[in-house]
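Below is one structure; the comments refer to it alone.
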Amino acid sequence: MNQEQIKARILQLAAEHNVLLMAHNYQRDEIQEIAHITGDSLGLSIEAARTDKDIIVFCGVHFMAESAALLSPQKTVLLPRQDAGCPMADMVTPAGLREMKQQYPNATVVTYVNSSAAVKAESDICCTSSNAVNVVRSLDTDEVLLVPDRNLGRYIAAQVDKTCHVWEGYCPTHERLQITEIEKARAEHPDAIFMAHPECAPEILELADHICSTSGMYDYATKSPATTFIVGTEMGILYRLRTQNPDKTFILPSEGLICPNMKLTSLDDLLKCLETLSPVVTVDPQIAEKARLTLDRMLAVPRD
Ligand code: 13P
Ligand code: SF4
């Protein structure tokens, strides 16, 4: 089968099995092209909770599929590549978090969705890159632990009037972005707006004109009168930025902005997943109950 035939077969199987095909904004172009829904972590979580489809196929990384499984316990959630993980999520373990909680017993634990269900189960509330500041401001507490991303953590800490303790995890992809690469892109495109994801290092965020989640970048670039944008996040975002804004220019400032885990899922993997209806993502019921609560609390925070 050629690529177009594989895509057609995937869509046919998805219709036959009443499947919702979800893809994160960093997935390969051809996966985003055929997905029913593309989005950031928050948007996809909301859709996972809302869908009336029997099966969710999550083209993304493991913690995202796990979140979908937590939010839709009566549905089957499939992750085409079981080995698609997130190094940042792996930088915190339940035991490590328990130790930090002992150090700061009065702090509320705010955990980025880029974390395992077991870590979520040790937390009080979740956040994503698009609602993190809102979530922390909504808390009736003066002290918080921000886990596991140090960059998102420091970005939040600078904007809230609370004592923040930050876990030292990070995203290897976003931390590869260098100041010199932004300076070079700016010198070549002096009128460009620099949009950055809060997972970038603080010295990069200081240079940004706009800091937001991946879906926030679509909204911002589409509404902005500017025509050229330097994009400080994973390169998969370029697909929809460019197709939705054909008259605008999007520049990736660094060749390092590729998440190998997000790029694992191919059309062949997706086809096999729909043919075999596997691998299924499951969460231990005891962990799931507590972890779900942290996501539900997050989803209950009003969006601004
Ligand atoms: P978003 O929530 O902005 O989609 O980010 C998820 C992620 O993994 C960024 O690296
Ligand atoms: Fe994890 Fe970074 Fe990849 Fe996002 S881009 S999935 S944070 S490694």
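Values in this document were obtained by computation on a predicted structure and should not be read as measured data. We use all heavy atoms of the structure for the numbers below, so side chains are in, but hydrogens, waters and symmetry mates are not. Counting convention: from 1, in listed order, for ligands and their atoms alike.
- Side chains of Asn114 and Ser41: no donor on one and acceptor on the other come within 3.5 Å.
- Within the listing of ligand 2, atoms 2 (Fe), 7 (S) sit less than 4.0 angstrom from a heavy atom of Glu199.
- Taking 4.0 Å as the cut-off, Met262 does not count as a neighbour of ligand 1 on heavy-atom distance.
- Among protein heavy atoms, atom 8 (O) of ligand 1 sits closest to Asn114 ND2, 3.2 Å.
- Side-chain N/O atoms of Tyr155 and Ser129 include no donor and acceptor closer than 3.5 Å.
- Using a 4.0 Å cut-off between charged side-chain N and carboxylate O, Lys7 and Glu4 make a salt bridge.
- Of the residues Arg176, Lys263, Arg28, the one that meets the salt bridge (Lys or Arg N to Asp or Glu O under 4.0 Å) test with Glu234 is Lys263.
- For the pair Thr128 and ligand 1, the shortest N or O to N or O distance does not fall below 3.5 Å.
- Using 4.0 Å as the threshold, Glu234 has no heavy atom nearer than that to any atom of ligand 1.
- In terms of polar-atom proximity, Asp40 is not counted as a contact of ligand 1, lacking any N or O under 3.5 Å from an N or O of the ligand.
- Ring-plane geometry between Phe229 and Phe250 is classed as parallel, the angle between the planes falling under 30 degrees on a 0 to 90 degree scale with a further cut at 60.
- Ligand 1 has Ser129 within reach: a non-hydrogen atom of the residue lies less than 4.0 Å from it.
- For Met88, the heavy-atom gap to ligand 1 stays at 4.0 angstrom or more.
- Considering backbone and side-chain N/O atoms, Asn25 never comes within less than 3.5 Å of an N/O atom of ligand 1.
- Residue Gln103 qualifies as enclosed at atom CD: its count of foreign heavy atoms under 6.0 Å is above 12.
- Within the protein, the number of N, O or S atoms lying under 2.8 Å from atom 3 (Fe) of ligand 2 is 1.
- Under a 3.5 Å cut-off, the side chain of Trp167 and the backbone N or O of Met91 do form a donor-acceptor pair.
- Protein heavy atom in closest approach to atom 7 (C) of ligand 1: Glu199 OE2, 3.6 Å.
- Looking only at atom types and distance, the side chain of Thr128 has a donor-acceptor partner in the side chain of Ser130 under 3.5 Å away.
- Listed by chain and residue number, Glu122 satisfy the salt bridge (Lys or Arg N to Asp or Glu O under 4.0 Å) test with Lys101 (two or more places apart in sequence, or in another chain).
- Judged by distance alone, with hydrogens and angles left aside, the side-chain atoms of His36 form a donor-acceptor pair with the main-chain N or O of Leu21 at under 3.5 Å.
- A salt bridge links Glu47 with Arg50: the distance from a Lys NZ or Arg NE/NH1/NH2 to an Asp or Glu carboxylate oxygen falls below 4.0 Å.
- The N/O atoms of Thr214, backbone and side chain alike, include one that comes under 3.5 Å of an N/O atom in ligand 1.
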